[in-house]
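Everything quoted here is computed from the prediction, not taken from an experiment. Order of the sequence lines sets the chain letters (A, B, ...), proteins ahead of strands, with each chain counted from 1.
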2 protein chains.
Amino acid sequence: MDHTAEEVGRRIRALREERGLSLSALARLAGIGKATLSGLENGTRNPTLETLYAVTARLGVPLTAVLAGPADTPTVRGAAVGATLLEVFTDTDATYELYRMRVSPGAPQLSPAHHTGVTEHVTVFSGVLRAGPVDAPITAGPGEYLRWTSDVPHSYAAVGDEPVRASLLLRYPHR
Amino acid sequence: MDHTAEEVGRRIRALREERGLSLSALARLAGIGKATLSGLENGTRNPTLETLYAVTARLGVPLTAVLAGPADTPTVRGAAVGATLLEVFTDTDATYELYRMRVSPGAPQLSPAHHTGVTEHVTVFSGVLRAGPVDAPITAGPGEYLRWTSDVPHSYAAVGDEPVRASLLLRYPHR
DNA sequence: GTCCGCCGTTCCGTTTACGGAACGACACGG
DNA sequence: CCGTGTCGTTCCGTAAACGGAACGGCGGAC
């Protein structure tokens, strides 16, 4: 079994014990079998979403609280750029993806064109970022904002020695 | 089945289609059956953690990205404005707080002045937002960006009937 | 000591999520 | 026209997650 299941089990057990609940009591409250909860906490089962939800809801925590955080699965976009998806937001007009982004100093990172109409919005936390369409990049320092249409190839680069940290919002309009 | 499963399925399908992947291709890449992925996207199955992880890992997103977000625990800032803290980022120069924000139509929401040097950065997802210093608010629609220095009283208001959804970045410079 | 209650684990029959193999629909080439 | 390929869905046998019941262990009452 994956080590993920064990980690989830440990977190659930910790949350349960913080509340002074016995395994039997939590199983009864959550409406699941004791065997299920036992196996879940020990990482010997591969729980379904429904089971996990029943337990976390009764513990009063969001599902995300017992799952591995966004830090362990960086969405690597390339050698110099690492990005982690924080949230997806779907709307009638468009879908948005909000990332935390890190750009290491060194060679610029190229990114191919996306579909037409896709725009990128970056707010720089620290460092100096030079990014945008390859033929017309823009520069932004801490607290500043960049925006471009990413249906052409574009690049990201850290200016100077300091790595850049920023938030990146991708907007995909619905066709 | 729970409506949670349907929501998860929608998000996975959206992420897959953004990447231009077919259902068959993603199933093959993730090492799961097409039937499994089909049922998962349509919300007719109750996936196990292992299945979900295989899919999200191949999509390059954390598990949390496809599950119901932290929306269940809103950090209420006032009657018309609800904000959820997504991440705090501390840096040598400043501390940043990244929120997802929702502004309901109706009376503007006032916010008192913060410390000097604090700036607010808003990217609008949907709706039309009118915000900024009370004597000089700015208006922004979907995909647009607002920025102001919040060491004076400022306000947020939704223009029209539609609620506004946006990301809000607060920057607190270190003195 | 025995009895009782609850603990967490293990056993076991039922339910169901799983992947492989069909299926019909559609697009393209010969 | 008929292959050939890929699309997403449906069928179906198997593997496993499920809940209920039984288990051994432990602490308190008597």
(message) Could you tell me how far apart B/N46 (CG) and C/dT16 (P) are, to the nearest whole angstrom?
(response) 10 Å
(message) Please report the distance, rounded to the nearest Å, between CG in A/L49 and P in C/dA17.
(response) 11 Å
(request) Check the distance between D/dG8's P and B/I32's CD1 and give it to me in whole angstrom. (result) 13 Å
(request) Could you note down all residue pairs passing salt bridge (Lys or Arg N to Asp or Glu O under 4.0 Å) where residues 29-42 of chain B supplies at least one of them, sequence neighbours left out? (result) B/R13-B/E41, B/R16-B/E41
(request) Rounded to the nearest angstrom, tell me the gap between atom CG in B/L26 and atom P in D/dG8. (result) 10 Å
(message) Between B/R45 and C/dC18, is there a contact of a side-chain N or O with OP1 or OP2 at under 4.0 Å?
(response) yes
(message) Test of understanding: with side-chain hydrogen bond (donor to acceptor under 3.5 Å, both in side chains), list the residues that count as partners of B/S150, not counting sequence neighbours.
(response) B/H114
(message) Using a 4.0 Å heavy-atom cut-off to protein, can you give one letter per nucleotide of nucleotides 5-10 of chain C, 5' to 3': B if the base is in contact, S if only the sugar-phosphate is, - if neither?
(response) --SBBB
(request) Could you state the atom-to-atom distance from OH of A/Y53 to P of D/dC18 in whole Å? (result) 17 Å
(request) Provide, to the nearest angstrom, the distance between the CD atom belonging to A/E50 and the P atom belonging to C/dT16. (result) 9 Å
(request) Starting from P on D/dA17, measure out to CG on A/L52 and report it in whole angstrom. (result) 12 Å
(message) Whether B/T48 contacts C/dC18 is assessed here as follows: a side-chain N or O lying under 4.0 Å from the phosphate OP1 or OP2. Is that the case?
(response) yes
Using residues 128-140 of chain B as the side-chain source, report each donor-acceptor pair under 3.5 Å to any protein atom, sequence neighbours left out, with the distance given to one decimal.
{"unit_1": "B/R130", "atom_1": "NH1", "unit_2": "B/T139", "atom_2": "OG1", "d": "2.5"}

(request) For B/T119, enumerate each residue passing the side-chain hydrogen bond (donor to acceptor under 3.5 Å, both in side chains) test, keeping only those at least two apart in sequence or located in another chain. (result) B/H121
(message) Name the residue from A/P105, A/S104, A/S126 that meets the side-chain contact (heavy atoms from CB on, under 4.5 Å) definition with A/E162.
(response) A/S126
(message) Test of understanding: with side-chain hydrogen bond (donor to acceptor under 3.5 Å, both in side chains), list the residues that count as partners of A/S167, not counting sequence neighbours.
(response) none
